[in-house]
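Keep in mind that what you see is a predicted model, and the values were worked out from it rather than measured. Below, chains carry the letters A, B, ... as their sequence lines are ordered, and counting in each starts from 1.
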Amino acid sequence: MAKLNMVQAINLALRQEMDKDATVLVLGQDVAVDGGVFRLTEGLLERFGPLRVVDTPLAESGILGSSIGMALAGLKPVCEMQFSGFSYLMMGQFEAHATRMRARTQGQLGVPLVIRMPYGGGVRALEHHSESREVLYAHLPGAKVVIPSGPRNARALLIAAIRDPDPVVFMEPKHSYRAFREEVPDEEETMPIGKCQVVQEGSDLTLVSWGAMMRPALKAAAEVEQKRGASLEIIDVLTMAPLDSDTIAESVRKTGRCVIVQEAPRSYGASSEITAQINDKALMHLEAPVKRLTGYDVVTPYFGREKNYIPDAARVVHGIEETLDFQ
Amino acid sequence: MAKLNMVQAINLALRQEMDKDATVLVLGQDVAVDGGVFRLTEGLLERFGPLRVVDTPLAESGILGSSIGMALAGLKPVCEMQFSGFSYLMMGQFEAHATRMRARTQGQLGVPLVIRMPYGGGVRALEHHSESREVLYAHLPGAKVVIPSGPRNARALLIAAIRDPDPVVFMEPKHSYRAFREEVPDEEETMPIGKCQVVQEGSDLTLVSWGAMMRPALKAAAEVEQKRGASLEIIDVLTMAPLDSDTIAESVRKTGRCVIVQEAPRSYGASSEITAQINDKALMHLEAPVKRLTGYDVVTPYFGREKNYIPDAARVVHGIEETLDFQ
Amino acid sequence: MPKKPIAKFSVPYLQILDEHGKVDAKLEPDLGQERAVEMYRWMRLARELDERMLKLQRQGRLGTFPPCTGQEAVSVPTAMLMRPGDWFVGAFRELGGRLVRGEPLTATLDYYNGWEEGNVLPDKDLRILPTSVVIGCQIEHAAGLAYASRYKGTDEVAVAFIGDGGTSEGGFHEGLNFAAVWQAPMVTICQNNQWAISIPRAEQTHSETLAQKGIAYGMPVLQIDGNDPLAVWVAVEEAIGRARTGGGPTFIEAVTYRLLMHTTADDPKKYRTPEDEKCAWDKEPLLRTRKWLTGKGWWDDAAEEALLAEVKARVEAAVKEFEAPKDRAQDEPFRHVYGTRHAVIDEQHRDFLANIAREAEHG
Amino acid sequence: MPKKPIAKFSVPYLQILDEHGKVDAKLEPDLGQERAVEMYRWMRLARELDERMLKLQRQGRLGTFPPCTGQEAVSVPTAMLMRPGDWFVGAFRELGGRLVRGEPLTATLDYYNGWEEGNVLPDKDLRILPTSVVIGCQIEHAAGLAYASRYKGTDEVAVAFIGDGGTSEGGFHEGLNFAAVWQAPMVTICQNNQWAISIPRAEQTHSETLAQKGIAYGMPVLQIDGNDPLAVWVAVEEAIGRARTGGGPTFIEAVTYRLLMHTTADDPKKYRTPEDEKCAWDKEPLLRTRKWLTGKGWWDDAAEEALLAEVKARVEAAVKEFEAPKDRAQDEPFRHVYGTRHAVIDEQHRDFLANIAREAEHG
Ligand SMILES: Cc1ncc(C[n+]2csc(CCOP(=O)(O)OP(=O)(O)O)c2C)c(N)n1
Ligand SMILES: Cc1ncc(C[n+]2csc(CCOP(=O)(O)OP(=O)(O)O)c2C)c(N)n1
Ligand SMILES: [Mg+2]
Ligand SMILES: [Mg+2]
């Protein structure tokens with residue numbers, strides 16, 4: 001058991017799974033000699049050699065397309081998009097093949113692979129290095145989309161993703177890469193893909209979030225609890241697709257109020273689906289409208305103006321209080 | 001005034017706008033000599049010549065990317081994706097440039113262009129020729145997404161799209177291309193982008209749809225009205241982004257009940273956003289959960305099994321009745 | 001301005017059996033009678049199936065499909081040269097090669113009649129990838145398959161096909177570049193059939209040949225007469241051999257012609273003349289192959305007649321099997337979204353079944 | 001197997017001013033003293049700004065940025081050869097060229113400090129496209145810009161840049177193919193600086209040169225010494241001239257070296273040795289240009305000293321202007337989502353302002 005940050009935890013998952021399963025390989029831009037621009041894959045080249053830790057040319061579609069080929073040949077590629085902002089160049093391969101090969105062949109061929117990509121804002125980076133667009137992947141049938149929120153679940157979910165029979169988009173909140181540490185057990189640990197996690201039980205309001213937004217959500221929850229003694233149930237979505245709406249709906253049926261915190265732009269975002277699921281499964285228990293606290297429908301500003309465009313704890317506190325006070 | 005089908009109406013819009021504005025040009029695969037695989041651009045080459053009606057190489061990203069360059073140089077390209085199923089190959093250009101150039105330059109440079117693409121099922125075509133994935137575009141800030149439902153609004157909206165200062169994804173329900181005719185005035189007619197249209201007023205339930213699904217929706221509405229004398233308000237979304245949620249919410253505040261019919265898979269689909277907007281703006285007026293009648297979260301089946309996977313009038317009738325009966 | 005050349009390239013061309021059936025004896029490969037006849041038999045079977053499918057389509061008994069007539073000489077010899085462990089990565093005009101490789105005739109019929117069953121192989125180890133309708137993607141897949149051979153230390157080769165139009169896609173470029181950087185065992189064959197729907201080869205790209213596109217990746221390139229099965233045989237044998245022994249990828253342009261419409265939904269009269277087509281028919285591959293076999297004394301009219309009867313019967317049997325009533329569960333797609341079970345799919349599956357049941361009830 | 005060559009290609013190489021400052025008199029272009037000195041002055045200004053930005057970044061006064069040191073000889077002469085109506089389509093290592101073209105120094109500073117203001121030109125007619133951070137896209141834009149020249153019947157040329165790494169992207173391939181098919185007036189210059197972050201040129205692609213990638217599109221190609229401003233001058237002048245007069249696009253590989261880190265967030269020690277860098281420094285462009293000017297009698301130490309003082313002052317002034325307090329409205333992004341007004345944006349705009357106001361109140 002060691003205190004690791006998310007970078008170290010993901011590195012540990014890769015190393016352990018590659019130790020265990022000789023068909024697992026890692027590929028992407030700068031993942032080998034450089035150890036990844038965020039140092040996620042550091043040390044893997046030295047340990048596993050250049051056949052299993054592969055620096056590729058600069059071509060996102062080529063990376064995913066060749067990974068699909070590898071998966072069809074029985075390997076388990078874990079490929080990296082250097083930033084999610086460049087991943088749209090592989091959308092054709094993802095939509096046409098990664099998500100469909102199983103259905104196309106009625107289960108005869110699958111493409112078990114993982115696409116790791118750092119996403120999200122808050123690191124004062126150039127344009128295209130700050131977006132959160134998880135629904136573009138989550139909307140596609142056949143896609144699995146996993147978004148860890150901390151070192152421990154990142155490690156456990158990445159191992160699960162590598163073992164999963166389906167293509168998994170593994171979106172890493174880069175803002176959380178080195179933001180904090182958690183105890184991460186040395187021995188292997190996995191978490192189920194396709195399940196939300198109730199990270200705190202409560203009775204007055206359900207607070208739902210994922211990825212980097214879990215931090216301001218938790219902070220805000222603590223503040224509101226302290227300030228007014230409210231009891232919040234907090235849910236970490238963890239798997240965006242397929243979505244475990246039952247866990248969320250069950251909670252809202254109990255609390256009657258819900259706030260969702262999302263980094264992405266509001267319209268057609270993930271919180272809209274969650275709201276719609278609550279409509280389906282818990283409408284008659286709602287005592288207030290579900291509140292979506294989200295990014296705005298604007299082109300993500302450059303970092304000079306970024307701060308006000310990402311939901312922070314103060315906005316979440318306000319949103320929770322408004323929802324609690326709603327009559 | 002002539003009775004035109006949607007193919008003819010779109011062709012008319014292109015011809016009239018090209019007659020009027022010498023900066024408008026059409027480009028894409030097979031749009032010139034062949035007149036388009038659906039004959040949408042027939043006759044344009046003969047009328048406007050090969051500089052303005054351009055057969056391109058087989059490359060979707062190249063088509064959009066070069067269109068962006070043309071728009072930057074002051075032209076108004078109307079480019080075609082042969083089928084929406086191949087459009088994901090241009091997602092990189094769309095997300096990175098078409099939708100962002102304006103914000104990137106604080107309004108100094110815009111890229112007024114139209115991306116026409118046939119979408120949707122029901123034509124017994126090969127794989128990738130039947131999907132409905134409008135949210136992939138609608139979710140992106142800066143994108144406008146327009147979906148006509150009939151010949152007349154197709155003509156009017158396409159002209160508006162060509163004149164719009166922003167990039168417009170113009171998704172044409174290919175199932176409706178030749179399915180029916182409408183009177184389309186010879187003289188120029190436009191409709192506003194960014195507005196839903198109340199196509200029928202009513203008081204008991206709001207029925208919302210768009211594109212090809214308007215047909216089964218209208219048919220079902222007529223059936224329910226006749227069967228039980230219910231009064232339905234029917235809304236044609238027309239512009240998916242930016243969404244005119246006020247018109248929808250206003251209607252739902254009046255009727256208290258809402259059914260949304262969507263061809264696309266359910267999760268993270270457009271009807272989820274509409275449901276969420278109703279939650280925001282009309283929750284306390286709801287007398288029943290909003291019902292989403294949608295495609296399923298499965299990989300679109302080949303045409304042998306397609307029929308049951310697209311909402312039809314019978315499903316809509318049932319959904320409306322369930323919602324009317326909800327206590 | 002005088003500049004010194006630092007790199008030189010050339011595109012070689014190969015033809016062995018010309019359109020009149022004349023063979024260049026110096027270059028003629030030694031197939032032996034049995035394989036030579038087998039090759040012709042596969043080509044004839046593919047032609048027959050293609051023609052039959054056209055009729056079925058016109059009768060409303062089959063969906064839209066892209067005929068392969070005239071291009072049999074490219075994929076048939078190629079598939080014959082492949083070993084069981086190799087990967088056959090088609091575009092969508094390799095009917096002959098697919099049959100050689102062991103795909104049942106009914107698979108093609110099912111596929112073009114809207115049934116995923118057409119992608120389910122009798123044995124997954126046949127190593128035939130399903131058609132990539134999205135053009136270009138398959139080249140990237142093949143690069144990955146070829147990389148996997150290196151990874152596993154086997155000598156399996158990935159053989160990929162693409163059309164002349166397909167060479168314009170980014171996926172073609174990225175896939176070939178990956179294969180070359182990896183020196184992966186991959187052979188890419190471009191079936192330059194002169195057309196991409198209505199776009200003629202000359203408007204697809206400004207390069208003198210398509211073969212030279214391989215120069216961009218530093219790989220051996222070759223243009224061949226794609227209607228000449230012997231040129232295909234020799235070129236592909238060399239390329240597969242090189243790939244199998246660690247020599248890396250090759251790019252081959254096979255010059256052929258799409259004799260029929262793009263797909264049954266297309267009307268070539270819009271963009272080409274009957275004269276063009278007539279010229280191309282004069283060069284089609286089956287006739288010259290038959291002449292070559294006949295010249296060798298390995299074939300005669302009686303053999304031809306027998307073969308025609310045989311392939312007709314085979315195709316007929318396949319059509320019968322294809323059209324025989326089958327139980328094709330409507331809810332099949334729900335079973336194959338994921339390899340694991342999830343509530344959201346199960347929930348919608350139940351909804352789907354209820355809708356079907358209700359509609360069955362209420363008619 | 002004997003095959004007959006049907007197409008031949010070669011990649012010419014051009015160097016005029018070598019790393020020791022020795023000029024090949026037969027090839028030397030006649031810039032004249034004024035332009036020659038001007039060229040050097042721009043290169044020196046770019047170098048100074050680059051160095052100063054590095055310091056600012058290290059002091060936390062600037063965000064991450066990609067230094068251009070060592071690559072000045074590519075974009076500076078190119079931009080000098082362009083006319084006002086031409087389009088400058090950069091990748092992101094053309095600082096010198098941008099300055100020549102008329103972009104203020106403060107634009108670069110703003111841009112790399114997280115302000116869209118850095119993309120707003122003093123005059124939109126400067127025809128400098130903003131950086132395409134997504135690599136490769138700009139080549140497709142340039143093809144469209146060049147097509148627009150043909151459309152309008154002007155003789156405006158689009159000049160696009162891309163890195164060695166960028167040549168692997170599908171967008172590079174599709175853009176060049178479009179330009180060639182259209183015979184559009186476009187010049188593409190690949191700054192082969194040997195690295196794409198940590199990936200060396202040899203692992204990016206298997207081709208002997210990058211120049212030969214242009215053969216795939218049937219366009220004239222050329223490899224030049226990119227640290228030699230005279231070779232750049234001659235090569236780009238010829239290519240722009242050809243483009244301007246209807247001769248179609250050209251692809252030029254300019255061989256140079258990224259002397260510093262990829263960006264300030266990168267540590268080259270992870271993947272290359274100080275010796276490599278030392279070798280490259282010996283070939284950098286400014287020194288040889290100064291030698292050349294000095295040899296011509298157009299330059300001396302006093303001029304150099306004066307220039308250094310001048311560029312330092314210019315950069316200092318720009319930094320001052322850049323750091324001067326400015327009113328940069330936080331809600332600016334709401335004004336530029338669309339060119340038309342929509343309720344959904346207005347609604348969120350109000351929400352945004354309310355949030356800001358509340359946080360300002362409650363701290
Ligand atoms: C990415 C993509 N864009 C467009 C299409 C539509 N389409 C199907 S076949 C075809 C032409 C293909 O030409 P070519 O590659 O030469 O193959 P051929 O049809 O001649 O065998 C087009 C444009 C497609 N299937 N995929
Ligand atoms: C499509 C895309 N993928 C990845 C990146 C991340 N990235 C930024 S620069 C770079 C390397 C670029 O190499 P090259 O084209 O040689 O240009 P150089 O940095 O050497 O000037 C990479 C991978 C990006 N910006 N865009
Ligand atoms: Mg073709
Ligand atoms: Mg480089």
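With a 4.5 angstrom heavy-atom cutoff, C/Glu169 touches chain D via backbone and side-chain atoms both. With a threshold of 4.5 angstrom between heavy atoms, C/Glu203 approaches chain D through N, CA, C or O but not through any side-chain atom. Within the 4.5 angstrom heavy-atom criterion, atoms from both the backbone and the side chain of C/Ser168 approach chain D.
If you tally non-hydrogen atom pairs under 4.5 Å between each of C/Gln223, C/Gln15, C/Lys213 and chain D, the highest count goes to C/Lys213. Contact count against chain D (heavy-atom pairs under 4.5 Å) is highest for C/Gln212 among C/Gln212, C/Glu208, C/Met219, C/Lys8. If you tally non-hydrogen atom pairs under 4.5 Å between each of D/Ala180, D/Ala7, D/Ala202 and chain C, the highest count goes to D/Ala7. Chain C forms the most heavy-atom pairs under 4.5 Å with one residue out of D/Val181, D/Ile6, D/Thr167, and that residue is D/Ile6. In terms of heavy-atom pairs under 4.5 Å with chain C, the best-connected choice from D/Gly218, D/Ala211, D/Gly136 is D/Gly218. Chosen from D/Leu210, D/Asn177, D/Asp24, D/Ile224, the residue pairing most often with chain C at heavy-atom distances under 4.5 Å is D/Asn177.
The number of heavy-atom neighbours closer than 6.0 Å to NZ of C/Lys270, taken from other residues, nucleotides and ligands shown, is above 12.
Closest heavy-atom contact between C/Ala216 and D/Ser207: O-CB, 3.3 Å.
Between the OH atom of D/Tyr217 and the NE2 atom of C/His206 there is a distance of 14.0 Å, given to the nearest 0.5 Å.
Ring geometry, D/His173 versus C/Phe172: the interplanar angle falls from 30° to 60°, so the pair is classed tilted.
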